[in-house]
Amino acid sequence: MSQAEIPKTYDPKAVEARIYEEWERSGAFEADADPGKEPYCIVLPPPNVTGALHMGHALNGAIQDTLTRRARMKGYEALWLPGADHASIALQNVVERRVLREEGKTKWDVGRERFVELCREFAENSRSQILGQLKRLGASVDWRRLRYTMDEGYVDAVLSAFVELYNAGLIYRGNRITNWCPRDRSAISDLEVNYEEVDGKLYGVRYPFADDRGPGPDGNDYAQVFTTRPETVLGDVALVVNPDDGRYKDLVGRRVMVPFVKRKIEVIADSYVDPEFGTGVLKVTPAHDPNDFEIGERHGFPSVNVLNPDGTINENGGPFVGMTREGARSALVKRLDEERLLGEVREYRHRVGHCDRCGAIIEPWLSEQWWLSMRELAEPALEVLKNEQITVYPDSWRRETIRWLENLQDWNVSRQLWWGHRIPVWYGPNGEVVAAKESPGEGYEQDKDVLDTWFSSALWPFATLGWPEKTEDLEYFYPTSLLSTAREIMYLWVARMIMMGLRFRGSIPFRKVNVHSIVLAEDGTKMSKSKGNTIDPLDLFDEYGTDAVRFGLLYQSSTQDFSYSYERAALGRGFVTKLWNMARFVSVYPMDVPDGREEPSASDRWILSSFNETVREYDRLLEECEFSEAMRVVYDFAWRQFADWYVEISKAAPSKQTPRILRKVFEATLRLLHPPMPFATEEMYGILGGEKLLIAQEFPRPDPALDDAEAERLLERTRLAVSAVRSFRADSGIDGELTGKAPEGVDLGVFSALSGVRVVEDLDGSARATLPAGDVVVELALSEELRREEVERLRKEISRVEGEVRRAEGKLSNENFVERAPAAVVASEREKLDRNSGLLETLKLRLDEYL
RNA sequence: GGGCGAUUAGCUCAGCGGGAGAGCGCUGCCUUCACACGGCAGAGGUCGCUGGUUCGAACCCAGCAUCGCCCACCA
């Protein structure tokens, strides 16, 4: 294509879909075990099939795609393995709401079988939408290997894992306090409870004495307790005071009456009680509070459960049976008041647990659940994190994860939900309990519960590669190279993958973990649908182009969370346009420029050396997941060095080698930029006549032979000298050619061509401008009328340089500095002083001449 | 109650022991033949506060303030 035929701006809409298809057709995304190559593997954190991709997915997708493409171009057998998660409780909630909205029915109205079917359908639609979005992002995933946590093979892996853990004695059934969501009618894990500050009340409840020992220590005929949940009074089995609480020595051993349910209970002593809180007397409700459960266990009290699974009061609730928990609370308080059993009621702000998925208030509730004991699984995981077998970026998250693992409680893996992997435990006709993938025989009935969705996710890095089968893929690609994820699922997911990987594969699941930022809304708060402040990445792709958005996200990504700003997408778009026009410019140079005999110029050597340094730095930064800094480095090279200077030099002062090097370096820059900005670079590469697809080209490697410190210094000085002249022109308003004395240590050809200064050996006449530019002085001949301005300028310059000299002198006259600072620092300070002193002298001399 | 992190130019953020940086925005000049989603030249900051360590601190340490986020069973 000739330059005229290439439009002035890049049109992503016309390019992206076409190029994605070309990539797919070429088989570039496909990776297979190849003993001749090093493997590189990233498993995509499977998005939930609950809805569309959000900005976090876009960022993480950009990160993973960048790393995968880079690895591929570097010659690794690079596999980015895609998939999706069935998202048990999350999807079930979405479908429930939808059924309620569309049919006015609850899931119980619909029935388990049909409900699961509705979930399956929803998941399928949602999944295809998500996969389409991944394509829009440019994700170079191997589509042949798409995995889904409800696929037959994956389900088999989940069941295998459960059965193995069960048979190893690590999974057990236990009747314990769990976080119960009455709306979902299921247990959820500690990690799925959100605690929020709520304005509540602290109710004083009086328990009349039920023995004949008269009034209590305070003279009352009752003992008073404070509680935030008066309805749990119905389940009280004891009162308890601190054994060291002198006030209540006589209370211990007495009996009181639980209001309404007419149960006589004892007052006991337990050191758990904080004498400072409330009255210093605590009620014990083992079925509805984890601490009370422990106290109950310690003292051998039974648990009295007063709640049904849906949160209504059960048959143990005396006069309140059938009421909702909220209704029971107000009714009970009213009755207490009527019976003069209500003490003081205080306003009380406290934290209340809410269901992460549906928002309902969580009840600590006694129920029968399946538990996975964690200690044995956590030990090896702690080991590999402590000895840094797994590198975590940033490292602080490695330490956080260690802390979490050290304080790990057993994991409740059963959920009383319908959508998910059914627990493979079978109950036989004669009370047998068997864990097996399939029914052990006639009369066996399967457990009704499903597994926590994170149980299946925990197997992701190896179940996706074929486990429990012994596959070639597993041998070749496991352990995977890197996992990139948001930090909110470090515990929920990442820590558990490490434990399961070690358990089932005997080695870590990934060598590195990248913990990326959370993309916040523009106002700095979390994006959420309910707040209506979400940004749809697809809209951004449409408006700015996918590459621009990807570049912007990577440019802004760091270990800090960041508020998304459209400016970054605009920055990316500006960069794409700049590159596009560089491509237009470069395209006029013929493909095959004869090498010729002529040596490359200093400028040529400079750009090669500078490119070389960029490759080194950029590659290192990507390796260390420093995406933001990597984007800065490559942006600076492409724009501030290559476009701003080398391209201009190529027009004004080219060598015979320049066209070839211009083209070569630009093409190599496209290779560098391909991983973060794949579409536009691919398109440009094609326009420039690249034979194969850029995706399959080699990533540039640093070549020490191209390092040229001397050329870098020369061009650095030259650029400063040119800028000094331009600055002078801007200040003095002089257009047209200037005459100047040849500055020392610059490339005269380049200097002259870019500054418009005709270089002569010596300047005639006394009027001249003296422009300091780094360690170079540029002297320009001046017309008489500019003399006055030059005096002004010189005075300013002199005072600036005097400041420099004073600073350096100050430092060097400090004995401590000279003695203790590293020699190199002292030397460079001396050098600066010398230079500036010399410059000062010149400037003063010049000023004297003018006055 | 513990832990982690943040506080740098008007805005969004880099830098994390040796002379304060980027992008956007702002000012001036330039529509010249890759690009006005551009070029050139500028203005703009006692790097939250107070101490300390150091020859030297935005950077290390301590304390304080403000703002986030995680974890925790105080009824």
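Both backbone and side-chain heavy atoms feed into the values below; hydrogens, waters and symmetry mates do not. The sequence lines fix the lettering, A, B, ..., with proteins before strands; numbering per chain opens at 1.
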Nearest to the side chain of A/Thr577, heavy atoms from C-beta on, is which of B/A34, B/C37, B/G18? B/C37

Which whole number of Å gives the distance between the P atom of B/A6 and that of B/C29? 43 Å

Geometric cation-pi criterion A/Lys651 and A/Phe585, 6.0 Å radius, 45° cone: yes

Among B/A34, B/G23, B/G39, which is the nearest nucleotide to the side chain of A/Phe585? B/A34

With heavy-atom distances below 4.5 Å as the criterion, would you say the side chains of A/Leu688 and A/Leu670 are in contact? yes

Nearest-Å distance for atom pair CZ/P, residues A/Arg726 and B/G28: 21 Å

Between A/Asn836 and A/Glu802 (side chain of the first, backbone of the second, donor and acceptor by atom type, cut-off under 3.5 Å), is there such a pair? no

Atom C1', compared across B/C33 and B/A43: separation rounded to whole Å: 32 Å

Could you give the distance separating B/G2 and B/U50 at their P atoms, to the nearest angstrom? 27 Å

When you compare B/C40 with B/G23, how far apart are their P atoms, in angstrom units rounded to a whole number? 11 Å

May I ask which nucleotide in the shown strands pairs with B/U32, Watson-Crick or G-U wobble, both distances under 3.5 Å? none

What interatomic distance, in whole Å, is found between C1' of B/G21 and the corresponding atom of B/G44? 13 Å

Looking at B/G23, B/C4, B/C35, which one has an atom nearest to any side-chain atom of A/Tyr555? B/G23

Here the distance between atom P of B/C29 and atom CZ of A/Phe728, to the nearest Å, is 19 Å

Salt bridge or not between A/Arg298 and A/Asp270? Use side-chain N to carboxylate O under 4.0 Å. yes

Considering every strand and a 4.0 Å limit on heavy-atom distances, what is the contact class for A/Val586: base, sugar-phosphate, or nothing? nothing

note: A/Phe562, atom CZ; B/U7, atom P; distance rounded to Å ~ 16 Å

What is the pairing partner of B/C73, taking Watson-Crick or G-U wobble pairs with both distances under 3.5 Å in any strand? none

Distance between the P atoms of B/C24 and B/A41, in whole angstroms? 15 Å

To the nearest angstrom, how far is A/Asp395 atom CG from B/G3 atom P? 19 Å

At 4.0 Å (heavy atoms only), tell me whether A/Pro822 reaches a base, stays on the sugar-phosphate, or touches nothing. base

Rounded distance in Å - OH (A/Tyr589) to P (B/A34): 9 Å

With heavy atoms under 4.0 Å as the rule, sort A/Ala643 into base, sugar-phosphate or nothing. base

For nucleotides 65-75 of chain B, give me one character per nucleotide, 5' to 3': B if any protein heavy atom sits under 4.0 Å from the base, S if the only such contacts are to the sugar-phosphate, - if neither. ----SS-BBBB

Residue-phosphate contact under 4.0 Å: A/Ser727 side-chain N/O, B/G42 OP1/OP2: yes

For the residue pair A/Asp236 and A/Ile265, what are the closest heavy atoms and their distance? O-CG2, 3.9 Å

Under a 3.5 Å threshold, yes or no: a donor from one side chain and an acceptor from the other, between A/Ser650 and A/Thr658? no

Could you tell me whether A/Arg729 contacts a base, only the sugar-phosphate backbone, or nothing, with contacts defined as non-hydrogen atoms closer than 4.0 Å? nothing

RNA chain B nearest-nucleotide lookup for A/Lys651 and A/Glu567: closer to the 5′ end is A/Glu567

Taking only side-chain nitrogens and oxygens of A/Ser723, does any of them come within less than 4.0 Å of OP1 or OP2 of B/A41? yes

In whole angstroms, the gap separating P of B/G18 from CZ of A/Phe817 amounts to 12 Å

May I ask you to say what A/Asp636 touches in the nucleic acid, namely base, sugar-phosphate or nothing, with a heavy-atom cut-off under 4.0 Å? nothing

For the pair A/Thr178 (side chain) and A/Trp180 (backbone), establish whether a donor and an acceptor sit closer than 3.5 Å, ignoring hydrogens and angles. no

d(CG, A/Leu554; P, B/A14) in whole Å: 14 Å

Does A/Arg399 pair with A/Asp395 as a salt bridge, N-O distance under 4.0 Å? yes

Under-4.0 Å side-chain N/O to phosphate OP1/OP2 contact, A/Trp580 with B/G38: no

Could you state the CD-C1' distance from A/Glu5 to B/A34, rounded to the nearest angstrom? 15 Å

Assigned partner base of B/G18, Watson-Crick or wobble definition, under 3.5 Å: B/C55

When both distances are under 3.5 Å in a Watson-Crick or G-U wobble arrangement, the nucleotide paired with B/U27 is B/A41

Reckon A/Ser563 touches a base, only the sugar-phosphate, or nothing at all at heavy-atom distances under 4.0 Å? sugar-phosphate

Hey, does the side-chain of A/Glu648 have a donor or acceptor N/O within less than 3.5 Å of a partner on the base of B/A34? yes

On a whole-Å scale, what distance lies between the C1' atoms belonging to B/G48 and B/U7? 6 Å

With rounding to the nearest 0.5 angstrom, report the CE to CG distance, A/Met631 to A/Leu622. 5.5 Å

Distance check, C1' atoms only: B/A14 and B/A58, in whole angstrom units. 13 Å

Flag for A/Arg632-A/Ser628: side-chain donor and acceptor within less than 3.5 Å: yes

Contact under 4.0 Å: A/Lys578 side-chain N or O vs B/G38 OP1/OP2: no

Return the nucleotide paired to B/U7: Watson-Crick means purine N1 to pyrimidine N3 with N6-O4 or O6-N4, wobble means G-U with N1-O2 and O6-N3, both under 3.5 Å. B/A65

Determine whether a donor-acceptor pair (one donor, one acceptor, N or O, separation below 3.5 Å) exists between the side chain of A/Lys8 and the base of B/A34. no

